[in-house]
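Encoded as structure tokens, the structure appears first; notes follow it.
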Number of protein chains: 2
Amino acid sequence: MQLMETPDQRLSALLARLRAHGHRLTPQRVAILRALVHDANHPNVESLHQRILAEFPTTSLATVYKTIALLKEYGEVLELGFGELGSRYDGRRPAPHPHLICTRCGAIRDPDPSGDAELVALVERLAGQTGFAVQSHRLDLFGLCSACRTTS
Amino acid sequence: MQLMETPDQRLSALLARLRAHGHRLTPQRVAILRALVHDANHPNVESLHQRILAEFPTTSLATVYKTIALLKEYGEVLELGFGELGSRYDGRRPAPHPHLICTRCGAIRDPDPSGDAELVALVERLAGQTGFAVQSHRLDLFGLCSACRTTS
DNA sequence: CTAGATGCAAACACTTTGCACCCTG
DNA sequence: CAGGGTGCAAAGTGTTTGCATCTAG
């Protein structure tokens, strides 16, 4: 059994999905998708844009925003909004899952997926008490990653 | 054993805390705190402002923001940021706890606190796997409240 | 009295939108 | 070669800030 798609497999799936819906695969768009699925640190729009500029120097921020909006329409990207601090994106695992957010260095990583089932059970239990029908959920843990914890 | 402070007890505690730190208790400020602890639906700044205007018609939005910022400094209000949709505030239970957010009517309510211990345990387990030191957390459930679920 | 609070408007950060031009399919 | 995509700048949203005026203690 395969535990997780490779970034390139994921990229192919996204490209196929867009193509199937009649969207064009422009070089900029492909580059944005590639950056999104290869970056494990849940990039924000600004850092995606920087990456794309290296390859396509005229790419605008608006194009990055529009491409992400397109992926959101198809439920293919998970948006982690942080108010005034902007949003970070997970293009690898679009289903809800917990995130570990380092308040010092800003890194965001996924915990091991082994606890996912337990989280879903807890979510359903919390909701069930009051007849709430859950559509989605979000669990964020804020703190210090192991690297930051051991550094002055 | 008392399960939860009454809103008025909570208000007194907040006023005492601010007074102890040398802050002035202006009528507007007291009104904002009162609105905050009496509103169980996690109000946003705009709705707090509307409430205050009824009593003090010249109150500005900036004053509401500043008062909330003050409470945040002392960890006496829980801010639930929702990106472009603005923030909602919980002045009754400033410690992290789950929220049930209705995507139809916008209501936000707390589930029964009985599951809190289990959530904390799960949080610590998810973090422990990778040596992450949790400072805080946030669990939001999005869906339909029981009223909205049974209405066309 | 005087430090701290208020209220207005301008400034801000992130995101979205309008529109002329461009290029994929 | 037609309709979707790009890129620029302008508009929007919620929030913050500067500063003159006011007021609680």
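Bear in mind that the values here come from a model prediction, so they are computed numbers and not experimental data. Each chain gets a letter, A, B and so on, in the order the sequences are listed, and its residues count up from 1.
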Margin query: Near DNA chain D, counting only heavy atoms under 4.0 Å, which residues of residues 53-61 of chain A show up?
Written below: A/T58, A/T59, A/S60

Check: Given the side-chain rings of B/H137 and A/F142, with only the six-membered ring counted for Trp, is the space between their centroids under 6.0 Å?
Finding: no

Notebook entry, point to check: Where is the tightest heavy-atom contact between B/A35 and B/L48, given as atom of each residue plus distance?
Noted result: CB-CD2, 3.8 Å

Checklist line | Contacting residues from residues 27-51 of chain A, given that a heavy atom lies under 4.0 angstrom of DNA chain D | finding: A/Q28, A/R29

Margin query: Is there a path of hydrophobic side-chain contacts, each under 4.5 Å between heavy atoms of I/L/V/M/F/W/Y residues, joining A/L33 to A/V45?
Written below: yes

Checklist line | Exam field: side chain A/R10 to backbone A/G91, donor-acceptor pair closer than 3.5 Å | finding: yes

Checklist line | Among D/dC8, D/dT16, C/dA5, the nucleotide that comes nearest once only the side chain of B/Y65 is considered | finding: D/dT16

Next item on the list: Take the protein atom CD1 of B/I52 and the nucleotide atom C1' of C/dG7, then report the distance between them rounded to whole Å.
Entry: 15 Å

Checklist line | Atom-pair distance (CG on B/L15; P on D/dG25), nearest Å | finding: 11 Å

Next item on the list: Give the C-alpha distance, both sets of side-chain angles, the deciding distance and a yes or no for side chain to side chain contact (heavy atoms under 4.5 Å, CB included) between A/L11 and A/L15.
Entry: CA-CA 6 Å; A/L11 177 58; A/L15 293 175; 4.0 Å; yes

Note to self: For B/Y74 and B/H23, take the angle between the two ring planes, folded into 0 to 90°, and tell me which bin it lands in: parallel under 30, tilted 30 to 60, perpendicular over 60.
What the structure shows: perpendicular

Note to self: Under the rule for side-chain contact (heavy atoms from CB on, under 4.5 Å), what residues qualify as partners of A/L53, not counting sequence neighbours?
What the structure shows: A/H49, A/Q50, A/T59

Margin query: Among residues at least two apart in sequence or on other chains, which ones pass side-chain hydrogen bond (donor to acceptor under 3.5 Å, both in side chains) with B/K72?
Written below: B/E79

Using residues 104-123 of chain A as the side-chain source, report each donor-acceptor pair under 3.5 Å to any protein atom, sequence neighbours left out, with the distance given to one decimal.
residue: A/R104; atom: NH2; partner: A/S152; partner atom: O; Å: 3.4
residue: A/D110; atom: OD1; partner: A/H42; partner atom: NE2; Å: 3.0
residue: A/D110; atom: OD1; partner: A/H97; partner atom: NE2; Å: 3.3
residue: A/D110; atom: OD1; partner: A/H99; partner atom: NE2; Å: 3.3
residue: A/D110; atom: OD2; partner: A/R93; partner atom: NH1; Å: 3.4
residue: A/D110; atom: OD2; partner: A/H97; partner atom: NE2; Å: 3.0
residue: A/D112; atom: OD1; partner: A/S114; partner atom: N; Å: 2.8
residue: A/D112; atom: OD1; partner: A/S114; partner atom: OG; Å: 2.9
residue: A/D116; atom: OD2; partner: A/R93; partner atom: NH2; Å: 3.0
residue: A/E118; atom: OE1; partner: B/R125; partner atom: NH1; Å: 2.8
residue: A/E118; atom: OE1; partner: B/R125; partner atom: NH2; Å: 3.3
residue: A/E118; atom: OE2; partner: B/R125; partner atom: NH2; Å: 2.7

Note to self: Could you work out, with salt bridge (Lys or Arg N to Asp or Glu O under 4.0 Å) as the rule, every residue matching A/R17, not counting sequence neighbours?
What the structure shows: A/E76

Item checked: Ion pair check, B/R88 and B/D90, cut-off under 4.0 Å -> no

Next item on the list: Identify the heavy atoms of A/Q135 and B/T103 that sit nearest to each other, and give their distance.
Entry: OE1-OG1, 2.8 Å

Note to self: Taking only side-chain N and O atoms of A/T63, does any of them lie within less than 4.0 angstrom of OP1 or OP2 on D/dG5?
What the structure shows: no

Notebook entry, point to check: So what is the end-to-end bend of the helix from C/dC1-D/dG25 to C/dG25-D/dC1, with 5 pairs used at each end and the value given to 10 degrees?
Noted result: 40°

Would you tabulate the nitrogen or oxygen pairs shorter than 3.5 Å linking the protein to nucleotides 9-12 of chain C?
none

Check: What are the two closest non-hydrogen atoms of A/F56 and A/A31, and how far apart are they?
Finding: CE1-CB, 3.8 Å

Note to self: Taking side-chain contact (heavy atoms from CB on, under 4.5 Å) as the definition, give me every residue that meets it alongside A/H38, ordered by chain and number, with sequence neighbours left out.
What the structure shows: A/P7, A/D8, A/R34

Notebook entry, point to check: Can you list, by residue number, the residues of residues 80-89 of chain B that have a non-hydrogen atom closer than 4.0 angstrom to DNA chain D?
Noted result: B/E84, B/G86, B/S87

Margin query: Could you go through B/V134 and B/L126, starting from their C-alpha distance and side-chain angles, then the distance that decides it, and tell me whether this counts as side chain to side chain contact (heavy atoms under 4.5 Å, CB included)?
Written below: CA-CA 10 Å; B/V134 183; B/L126 290 173; over 6 Å; no

Checklist line | A/T63: side-chain hydrogen bond (donor to acceptor under 3.5 Å, both in side chains) partners, not counting sequence neighbours | finding: A/S60

Check: Side-chain donor or acceptor of B/K66 under 3.5 Å from a matching atom on the base of C/dG4?
Finding: no

Next item on the list: Would you confirm whether B/R29, through its side chain, and B/T67, through its main-chain N or O, come within 3.5 Å as a donor-acceptor pair?
Entry: no

Next item on the list: For DNA chain C, find the residues of residues 17-25 of chain B with a heavy-atom distance under 4.0 Å and give them by number; none if there aren't any.
Entry: B/H23, B/R24

Next item on the list: Take A/F82 and A/D140, measure what side chain to side chain contact (heavy atoms under 4.5 Å, CB included) needs, and give me the verdict at the end.
Entry: CA-CA 11 Å; A/F82 293 102; A/D140 288 344; 3.8 Å; yes

